[in-house]
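Structure, as structure tokens:
Everything numeric here is computed off the predicted structure, so don't read it as measured data. So that the names make sense, note that chain A is the first sequence line, chain B the second, and so on, each numbered from 1.
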Amino acid sequence: MTAVARVIVDVPSRETDRTFDYLIPDRLSGWVEIGTRVAVPFGGRTLQGIVTGLGADAEVELARMKPLEDVLDAITPLSSELVQLGVWMSKRWLCPLTIALQAMLPAALKGRAEKYVFPAEGAEWSDEETAQSGGLLHALRKGQPLKLSGLLQHYPEHGDLLRRWLLDGRLEERQKVEDRLSVKTVQTVFPSDAETLKRAVAELPARAHKQREVLAYLADQPEPIGVQRLAEAVSTTPSTIRSLAERGWIDIRAVTEDRDPYADRDFPVSLPMQLTPAQAAALLPINDALEQRSNEVFLLHGVTGSGKTEVYLQAIQRCMESGREAIVLVPEIALTPQMVERFKSRFGARVAVLHSRLSQGERYDEWRKIREGRAQVAVGARSAIFAPFSKIGLIVIDEEHETSYKQEESPKYHARDVAVERARLHGAVVVLGSATPSLETYQAAVDGGRPKYIAMPERVADRPLPGVRIVDMREELKLGNRAMFSRELAEALRDRLDRNEQTVLLLNRRGYATFVMCRSCGYTAACPHCEISLTYHRGSHNLRCHYCGYAEAEPKVCPSCESPHIRFFGTGTQKVEEALAEAFPGIRVIRMDVDTTTEKGSHEKWLTQFRERRADVLLGTQMVAKGLDFPYVTLVGVLAADAALRLPDFRASERTFQLLTQVAGRAGRHELPGEVIIQTYDPEHVSIDSVRGHDYKGFVTKELHVRRQLGYPPYGRLIAITLSHESVPMLLSVGEQFAMRIREKAAALGISSDFTEPGRAALEVLGPVSSPIARLKDRYRFQCMVKYRGDVDASFLASQVLQEMGDAVKRGGLQVSVDVDPQMML
DNA sequence: AGCACGCCGACT
DNA sequence: GTCGGCGTGCTC
């Protein structure tokens, strides 16, 4: 009987998406379990892999089996539950298992094989060769194996020499899987007992003053202390301390240290607040489910300012009291210091925070805090759903409708769906919170009873929802107002300036000007690789492609007709800022968009400034719409409310309604009442009109009706298959085949392609059509859309066809990407 | 994915 | 004759 590990190797392709068997050598037995990260020999190289199973026997003959090379972590990074979740994900979103597993590991643990080169036993080189190698041989013969990548960087002209000697066997190569990053260690002094220190003082040479000082300091404060800090404390250098260690009087060891990104911050302690009756009523069924340990899902539909966060906090409290852990997902954009503070204040050091602004190292340390049981609550963006807890009791998804929960790269998972599955595996409770639930979630609650629906229709402390006025910009134009601000908005702004209150302005766009257009001939500048409008960047005076990074200089005349009337179109936050300064001299504006918030900590800096009322207006794109809570904001203005309505995406209406409702919710959250003014060219549109009465139900009812008619989610489901290649005819023919084969398979199963008969299972394949991004990085893109409803396993059909056509696709050099339940149609 | 094995053109 | 081009196939 042999101990065998089944390993998923880190090669993300369809052919290798299965386990490979390896012998577990004696020296590693006891270290290998499900979820262990290992280094394995695979087809002549060394790769990282994850153990997904253990067996007493192999599936292949013994002779073909190789032993595991190494175990990469002392603590297995993935639990068997996470491995199981990965298997589920790979089926659900049709991705290789290794991709799903990789998504669960912090970036620091994405190991790569490094090649090391060293001289073979007894290898000889002539003097001539040594001279020719220009120091390369000398470096190699020092003894330490050297990194191949480093050698090639150092001696780029001697790559062929290296290769020749590797081939003739005088040099050998060895591979090792290395993490991108290790834990941070600090050289730490461990003082000996007082007795020893006293003896040391006696035995030191008379002139060793500094060393005596160090010993005196340690005698006084016998806690372990970092070498660097100790040196500073007695104003000397680390070498003094090291000589003490050499004499054996003290002990210096490397100690791992956490990079706590919030180390220098004090969070005031916050105690649970007195709940309003509505909050208490909402909390009750959640607590019941926690008590019963039943795998329940709730939709907490609470208007903006209704106090959802306090409900989360108290549910988490209850969860932790029962010895279980909690995960809180927040959209990346709303993961503001304000939000973090609320959790840190309530739960202190038991909170781990995971978001993209952390460095790789900081993220890794927060991750380890969870894995090693030092944190019980994880707050973070999408990927925090994989927090390596072992007994989860509660998962909260705040703003569950947010698109950022869907990952747009493989694995194209939706964190909301992962949460529900992970909660099932743990017997945990899920709370989906939102003021504007996604139509999918709402419809499932109303028609299916899961999630269970909980409503909080009022703001706390009887504060009213802000009044909303819609301004028809067409009328403004008729009356001769060509300005960016309607008279109503300008007046309201003036009023706020007079009263020293604050305003949030939302512009539904980014950049100074979105595209360049010639007024004479209609020419627009587009990327030669991607067929995407180029964006004008004011700082660098050039035009850039947001997809591939292509850049060219700002044109002075039209490249097509040579007219000088080429000008910048569209409105960006910079332009609005200028208009504000002109209309309201002396106005203090904070502009927040991708350009002003890329720097680490800048986001926080701006918001603090605004909170301290050092500005009158907070102007920005989507990022000013979410989760912000400022007492003196009494006016919210929306410029170009309908900009996003024109996008070719069936969710455009839903997104617009959600965005407008969210931003409206920033006004009047405290003592002072709020007001919202929305400027639009399409005031009758449901998405805009419904915001006026804060009429979520009115909006969903109408929108759901449309969705049902068209068979779109939540009444049908979609799978987008995108093919890309340099040649259009190739794409068309393979795309056609894809569509045909899926249709044939569905027909063979007796699935109708007729969507008109209500309730009946149906499937149709749309396309292939040129994808909305028709060309990307010199490759054309075509897509097929599988639309289906009812009891149809369309993912399985698609994966079968994908497998059958695998050969044709590979030989043709096509790239295929599958998006199950796509969120973005662009 | 990458590396080895294998079968045809332009060089020492 | 050989070095090396990259097409196909496999990796426990």
Side-chain angles (χ1 to χ4, degrees), chain A residues 1-26 28-29 32-34 36-72 83 90 94-103 105 110-117 147-149 152 159-169 171-178 180 409-411 724-727 730 777 779 802-818:
Chain A
M1 211 167 66
T2 2
V4 168
R6 300 198 207 294
V7 174
I8 292 285
V9 294
D10 191 19
V11 178
S13 82
R14 206 146 256 111
E15 289 136 286
T16 48
D17 191 23
R18 58 186 182 86
T19 57
F20 290 84
D21 288 353
Y22 288 88
L23 293 164
I24 302 174
D26 286 344
L28 296 181
S29 71
V32 181
E33 53 188 327
I34 290 177
T36 303
R37 210 161 55 101
V38 290
V40 292
F42 190 74
R45 51 207 173 120
T46 299
L47 292 179
Q48 177 183 306
I50 304 277
V51 177
T52 60
L54 296 166
D57 281 299
E59 285 164 349
V60 290
E61 1 22 309
L62 267 176
R64 279 177 64 194
M65 243 195 314
K66 293 177 183 172
L68 296 177
E69 227 158 66
D70 218 345
V71 165
L72 298 176
V83 171
S90 72
L94 302 179
C95 68
L97 179 51
T98 185
I99 299 243
L101 295 174
Q102 215 60 56
L105 295 171
K110 280 166 195 165
R112 279 201 39 208
E114 266 305 334
K115 287 179 178 167
Y116 283 84
V117 182
K147 267 188 199 175
L148 181 60
S149 57
L152 289 172
D160 50 337
L161 279 181
L162 272 171
R163 216 154 52 130
R164 189 175 327 146
W165 294 337
L166 281 165
L167 280 171
D168 71 20
L171 287 180
E172 284 182 35
E173 130 188 328
R174 189 163 63 207
Q175 298 181 49
K176 219 179 140 230
V177 174
E178 287 185 342
R180 296 233 183 110
E409 301 95 57
S410 191
S724 74
H725 196 263
E726 292 108 50
S727 134
M730 170 75 112
K777 300 187 177 161
R779 294 174 76 91
L802 224 57
Q803 190 139 36
E804 286 170 22
M805 297 201 43
D807 265 8
V809 165
K810 213 182 151 189
R811 252 181 289 114
L814 269 96
Q815 276 174 20
V816 185
S817 124
V818 182

Test your reading of the model: is there a side-chain donor-acceptor pair from A/Tyr22 to the backbone of A/Glu69, 3.5 Å cut-off? no
For A/Gly812, is there any backbone N or O sitting under 3.5 Å from a side-chain donor or acceptor partner on A/His725? yes
Taken to the nearest whole Å, CD/A/Glu69 to P/C/dC12 is 11 Å
Interatomic distance where CZ belongs to A/Phe20 and C1' belongs to B/dG2 [whole Å]: 13 Å
Regarding A/Arg45 and the six-membered ring of A/Phe42, is the cationic atom NZ or CZ under 6.0 Å from the ring centre and inside 45° of its axis? no
Separation of C/dT11 C1' from A/Glu15 CD (nearest whole Å): 10 Å
Please work out if A/Arg18 contacts a base, only the sugar-phosphate, or nothing of the nucleic acid, heavy-atom cut-off 4.0 Å. base
How many Å lie between OH on A/Tyr22 and P on C/dT11, as a whole number? 10 Å
Please state how far atom CG in A/Asp21 lies from atom C1' in C/dC12, giving the value in whole angstrom units. 6 Å
Any A/Arg64 side-chain N or O less than 4.0 Å from OP1/OP2 of C/dT11: yes
Write down the distance between NZ (A/Lys810) and C1' (C/dT8), rounded to a whole number of angstrom. 8 Å
Could you give the CG-to-C1' distance, from A/Leu54 to C/dC12, as a whole number of Å? 15 Å
So what does A/Thr16 touch, heavy atoms closer than 4.0 Å: a base, only the sugar-phosphate, or nothing? base
Pull out every residue in residues 41-50 of chain A that has a heavy atom closer than 4.0 Å to any atom of DNA chain C, ordered by number, or say none. A/Pro41, A/Phe42, A/Gly43
Heavy-atom neighbours of A/Glu61 CD exceed 12 at 6.0 Å: yes
Using the rule given for side chain to side chain contact (heavy atoms under 4.5 Å, CB included), can you reason through A/Ile8 versus A/Val83, listing the C-alpha separation, both sets of side-chain angles and the distance that settles it, and then say yes or no? CA-CA 11 Å; A/Ile8 292 285; A/Val83 171; over 6 Å; no
Would the distance check show the side chain of A/Thr16 and the main-chain N or O of A/Val11 forming a donor-acceptor pair, the cut-off being under 3.5 Å? yes
Without hydrogens or angle criteria, can the side chains of A/Thr19 and A/Arg6 be said to hold a donor-acceptor pair below 3.5 Å? no
Between B/dA1 atom P and A/Asp10 atom CG, what is the distance in whole Å? 12 Å
